[in-house]
Amino acid sequence: MISAAILLPAVAGAAALFGGKALARFLLKATACAHLALVLYMCVFPQRGGYWLALDGAGLLFLVLASVLFAAAAFYAMGYLDHSAAHREAHVLSPLFGTEPQPVFIAFLLFFLASMSFVCASRHLGLMWVALEATTLASVPLICFHKTPRSLEAAWKYLMICSVGIALALLGNFFLTAAVGAREVPLLYDVLRQNAAKLDPLWLKAAFAVTFIGYGTKMGLAPMHTWLPDAHSEAPSLVSALLSGALLNCAFLSMMRVNAVCAAAGLGAFSAKVFLAFGLLSVVVAAALMLRQRDYKRLLAYSSVENMGIIAVAAGAGAPYAAMLHAANHSFTKAALFLLSGNILRRFKSKKIEDVKGLVQALPKTSFLWAAGMLAILGMPPFGIFWSKFLTLKALLGSGNYWAAGLLLFMLAAVFAGVAHPVMEMLRPAEGQSAPEPEKCIFILPALLLGSCTLLLGVFIPAPVEALLKSAAAALGGG
Amino acid sequence: MNYFELLAVIVILCDVALCAASRLRVMIRAAAVQGAALGLLAFMKPVTWEIVLLSAATIAIKAVLFPWLLNIAREKSKADEPAPYVGYNFSFAICAAMFGVSVWLSHRLDVATTLMAGAFFTVLAGFFVIVSRKSAFSQAIGYLVLEGGVYAFGMAMPNEAPALVELGLLLDVFMAVFIMGIMVYHISREFEHADMAKIAFLSDLEDYD
């Protein structure tokens with residue numbers, strides 16, 4: 001059952017590669033729905049899992065997030081592929097798979113979903129590494145879909161920096177093997193946790209450090225974040241939504257798997273400090289670069305760095321529940337915003353904030369959602385992000401990190417003050433703005449649904465969702 | 001000195017050649033030789049059919065496929081290798097320092113074999129090539145070397161990783177190499193060079209269009 005969640009998109013992707021355009025489009029829609037249905041089924045009826053694959057609370061939570069986001073992006077893609085000029089050009093990989101770019105794009109989207117599901121469901125840390133590297137490889141052709149010089153540069157940076165980072169994480173896996181020594185403990189995260197006391201602490205510490213740098217690169221924590229704003233701003237918007245909303249979570253999950261082993265081995269104080277330090281640095285760096293940002297997609301990208309920082313801080317402050325809640329909130333909100341940014345880009349043909357004027361007149365529905373999404377991501381109640389930021393601050397104060405709490409609060413306020421103004425400038429009615437164009441449902445509904453999820457998490461968390469978040473937090477240690 | 005020691009020394013010498021080489025052709029060849037040595041190192045483990053498969057696949061990818069792909073891309077783009085950020089002589093000095101660090105590191109972690117020091121050294125050398133060279137070709141080679149170092153580390157470990165994981169790793173490396181080759185090809189065709197220092201459109205500070 002668990003392997004079906006990985007095989008289904010992988011097989012569909014392979015089929016899309018060799019089928020025509022119509023088949024590929026059908027496969028994308030059908031697979032997105034089937035995957036979501038399958039994942040929700042596994043939520044209701046928990047699966048046992050085997051040696052290689054298993055789904056604990058954390059894996060399930062991130063799998064659900066990836067699946068929901070993918071479904072939204074898949075339907076958005078239908079509209080995108082109709083409108084985008086790119087589908088007339090040949091795809092990056094087109095010399096290999098025929099000249100039609102759409103099936104290739106759709107195939108790699110499906111491979112991307114398969115690899116992310118693989119990360120969430122891996123029980124063996126080595127296999128998880130393989131899966132996480134596969135996510136990079138599946139997403140590179142998506143980022144440079146348009147083959148513009150800028151997107152080629154972004155994709156190259158992404159490929160190089162993340163591959164190197166991930167190679168370091170592989171070294172971390174070997175360090176873990178060394179920590180196990182001759183004790184015949186397989187690298188399964190739950191078995192490692194049970195046997196944590198037997199592991200060699202020096203090797204384990206080295207493994208954590210190297211893995212943190214490796215997976216931290218992929219998660220976009222400063223100072224290893226340099227690829228992120230480029231890749232997320234140059235990729236097609238629906239790909240940005242998946243990269244930011246689903247993929248960063250997968251990297252965080254991988255990191256937390258190793259962290260849980262460290263915590264069980266009594267190195268929790270050390271690893272918490274690392275999380276706190278890198279998390280705060282990410283928030284500070286992202287805030288500094290968001291304040292003078294003139295490109296709205298880069299703004300969203302840096303906001304992802306900021307939010308990953310907050311998640312790391314929450315994990316470091318010993319509040320895994322806040323981290324999980326924030327991850328879920330951020331996924332929904334940021335994916336919705338990236339999808340909307342695609343609408344804005346299509347209308348104004350520019351990513352510069354100053355070029356976008358009179359959004360309210362030009363795209364009324366998009367502008368309403370854009371404003372709401374921005375308020376959500378900046379941490380205004382009643383949206384969910386407000387609560388998860390609040391819980392993070394509370395945990396920081398509760399654990400005696402007053403300086404960290406003060407710094408975090410100051411940075412959040414600075415980002416709010418700095419970002420709210422230019423975003424409102426985008427919205428403000430401008431003279432000479434042409435009459436609104438009809439906005440197609442397919443470009444609005446996915447963002448609306450994702451946005452509603454954030455609102456729901458802010459107003460009232462349904463009991464099953466609460467249970468899932470709690471079991472995810474429990475699975476990653478702490479409680 | 002047994003044969004595996006000799007292979008470990010070859011791996012180390014290839015790193016030195018990579019760090020100090022100025023011509024792309026030399027770098028590609030050094031990486032290929034190193035790939036072949038790494039493939040043969042797999043026989044340090046008890047020989048099973050999986051080890052034979054692993055060794056054959058490693059040699060096929062690192063010593064044959066990747067050099068071949070890179071050579072094609074190199075011939076398509078006629079531009080010269082741009083001068084690196086760090087001069088060749090200074091690179092050599094850094095190389096020596098990195099080797100010292102690797103030996104120290106392997107002693108610090110109580111696994112002072114030639115191969116272990118070589119593995120750390122290869123990781124560092126790959127990293128150095130990536131950050132100090134400007135062309136996409138050299139960076140791709142750097143990645144391959146870095147990954148080779150991690151692989152050598154795995155070989156130097158006494159306990160075994162499951163074959164499934166090993167093959168998964170290899171598949172990833174294969175795909176990475178494949179995609180990198182295609183990307184390098186597109187970059188060098190789009191820009192008529194592969195100097196990544198000149199391909200810098202993306203910035204937060206500069207004004208752009």
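Heavy atoms only: backbone and side chains are in, while hydrogens, waters and symmetry mates are out. Residue numbers begin at 1 in each chain, while the letters A, B, ... track the order of the sequences.
Residue contact with chain B, scored on non-hydrogen atoms closer than 4.5 Å, involves the side chain of A:Leu202 exclusively. For B:Ala136, the parts lying under 4.5 angstrom from a heavy atom of chain A are both the backbone and the side chain. Heavy atoms of A:Val164 lying under 4.5 Å from chain B belong to its backbone as well as its side chain. Heavy atoms closer than 4.5 Å to chain B are found in both the backbone and the side chain of A:Phe175.
A salt bridge does not link A:Glu234 with A:Arg298: every distance from a Lys NZ or Arg NE/NH1/NH2 to an Asp or Glu carboxylate oxygen is 4.0 Å or more. A:Asp355 has no carboxylate O lying under 4.0 Å from a charged side-chain N of A:Lys349, or vice versa, which leaves the two without a salt bridge.
Remark: A:Pro201 engages no residue in a side-chain contact (heavy atoms from CB on, under 4.5 Å) (not counting sequence neighbours).
Residues B:Ser55 and B:Thr58 have side chains that never bring a donor and an acceptor to within less than 3.5 angstrom of each other.
Within the cation-pi definition used here (under 6.0 Å to the ring centroid, within 45° of the axis), A:Lys297 does not qualify as a partner of A:Tyr302.
For chain B, the option among A:Pro149, A:Ala167, A:Ala155 with the highest count of heavy-atom pairs below 4.5 Å is A:Pro149.
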